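Note that the structure is predicted; figures quoted are calculated from it, not measured. Chain identifiers are assigned alphabetically (A, B, ...) following the order of the sequence lines, protein sequences preceding nucleic acid strands; residue numbering begins at 1 within each chain.
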Number of protein chains: 2
Amino acid sequence: MNDRSSVLLVADTGRGNEAAILNAALAAFGAQGFNGASMRDVAKRAGTSLSNLYNYFPSKSHLLAEVLRHANAELEARVRRAVADAGDDATSRMREAVRAYVGFVVDQQLAMLVSTAEVRYLQGEDRARLVADRDRTQAIFGDIVEQGVAGGEFRTPHAADAARAILSMVNAVATWYRPEGRLSRGQLAEQHARYALALLEAPLPHV
Amino acid sequence: MNDRSSVLLVADTGRGNEAAILNAALAAFGAQGFNGASMRDVAKRAGTSLSNLYNYFPSKSHLLAEVLRHANAELEARVRRAVADAGDDATSRMREAVRAYVGFVVDQQLAMLVSTAEVRYLQGEDRARLVADRDRTQAIFGDIVEQGVAGGEFRTPHAADAARAILSMVNAVATWYRPEGRLSRGQLAEQHARYALALLEAPLPHV
DNA sequence: GGGCGACATGAACGATCGTTCCTCGGTGCT
DNA sequence: AGCACCGAGGAACGATCGTTCATGTCGCCC
């Protein structure tokens, strides 16, 4: 049990071994990369046969696409929920959005790593759909920044650029986070919320 | 000519086709990923034969390692030069370090993409050496932050964490930068210097 | 009870992979 | 003149890849 995710990304989907295959694919792609992992690896991890994978997914690419779709759907849902539960001011909303995002990165570290590293191997409409999904999640942050700039809470120019910088920062958490690290999950989330608000040049109440 | 780098990463090394092979490997790994690109692809891009690659590099892994070593050496040199030419205060040094780093990311976008995406496929001492190289470059930023915190210029807690956040931000520039984008090379560098100083909670002279 | 769709398997196909082997022209040194 | 060595290329090796095929077993519905 040396996993980087204690909770499986995909719960039961109501269709045979589908969830097991998706979780196995995430583990395989995460460990060896999309091109480095073979369908035989995935089958072995899922505890099924090679040919059976093709009863669920028509190709290796589609399998990757489905894994990434599940990951981003869960991420987007978590962030939206956090923003909805936050206050009306941009500062509170940004803080909760960042905290939810970092929380997901910690909970589903492998999924985030695979999401950012292996999207490039998708093509055609699978690729387009995933990029659209990711853009939608990023737009949540962009909208909050715009609200904050319009209301005078943030003083950064170029809302979209600042949002992208913040997301770069929190995405990278997946590349270095270790559960045994100095900061707890909550402290890590709070620290990045502070970085985000500082970057946005919000007036600093802290210290 | 749709390259993402107008200047070759490796100039002549004084040994036959070595530089051509290194640049070809960078292009191939960048376009298809380490496992997606074949040694035949590299040979074709370098304009030589498959077997001749092994007169220069003992394996595909060592070829990747050499490419990444060249990239990080040039990056580190540029940042060190910029810091040495900057003023003595941490604010100036951080600004120039970020500007130099972003400048390199723009000039050698493909090298930065390959550096961050394909290091994972290195093993053993090749991997260890490259991680050490990267850590040395990151330490430049960490030292500046520490200097700034000690001298009262920055108010962020946890110097090393803040430095890592800044580097995450500038590294990610390689994933989205396009030459035809809204900001020029210099504007992009300046904007990220501002983000970095804001994140460090430096007193804001701007605006 | 007969057929049908969903799930499962082992074997096989053709393609491609990293690497090695063998050969050979050229260059410089003794 | 002879020889060692470096750079270069064609052919081949064994392994592994994604995908397909043929076959089989269930449970479910008319």
- For the base of C/dA6, is there a side-chain donor-acceptor partner from A/Asn55 under 3.5 Å away? no
Any salt bridge linking [X] with [Y]? Criterion: basic side-chain nitrogen under 4.0 Å from a carboxylate oxygen.
{"X": "B/Arg95", "Y": "B/Glu190", "result": "yes"}
{"X": "B/Lys44", "Y": "B/Asp41", "result": "no"}
{"X": "B/Glu118", "Y": "B/Lys60", "result": "no"}
{"X": "A/Arg78", "Y": "A/Glu74", "result": "yes"}

- Query: Relative to each other, are the rings of A/Tyr121 and A/Phe34 parallel, tilted or perpendicular (30° and 60° limits)?
  - Reply: parallel
For a quick check of understanding: with a heavy-atom distance under 4.0 Å over all strands, which category does [X] fall into, base, sugar-phosphate or nothing?
{"X": "B/Ser51", "value": "base"}
{"X": "A/Ala43", "value": "nothing"}
{"X": "A/Ser49", "value": "base"}

Can you tell me the distance, in whole Å, between the [atom1] atom of [X] and the [atom2] atom of [N]?
{"X": "B/Leu64", "N": "C/dG18", "atom1": "CG", "atom2": "P", "result": "12 Å"}
{"X": "B/Phe57", "N": "C/dT19", "atom1": "CZ", "atom2": "C1'", "result": "16 Å"}
{"X": "A/Leu63", "N": "D/dT19", "atom1": "CG", "atom2": "C1'", "result": "14 Å"}
{"X": "B/Arg15", "N": "D/dC5", "atom1": "CZ", "atom2": "C1'", "result": "12 Å"}
{"X": "A/Asp41", "N": "D/dC17", "atom1": "CG", "atom2": "C1'", "result": "11 Å"}
{"X": "B/Met39", "N": "C/dT20", "atom1": "CE", "atom2": "P", "result": "10 Å"}
{"X": "B/Leu50", "N": "C/dT16", "atom1": "CG", "atom2": "C1'", "result": "12 Å"}
{"X": "A/Phe34", "N": "D/dC17", "atom1": "CZ", "atom2": "C1'", "result": "12 Å"}

- Message: Please tell me if A/Asn17 has a side-chain N or O lying less than 4.0 Å from either OP1 or OP2 of C/dA8.
- Response: yes
- Under 4.0 angstrom between B/Tyr56 side-chain N/O and D/dC6 OP1 or OP2: no
- Select from A/Pro58 and A/Gly36 the residue whose nearest nucleotide in DNA chain D is closer to the 5' end of that strand.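 It is A/Gly36, whose closest nucleotide lies nearer the 5' terminus.
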- Message: So if I take every side-chain heavy atom of B/Asn52 and compare against D/dA12, D/dT19, D/dG9, which nucleotide ends up nearest?
- Response: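 Among the listed nucleotides, the one closest to the side chain of B/Asn52 is D/dG9.
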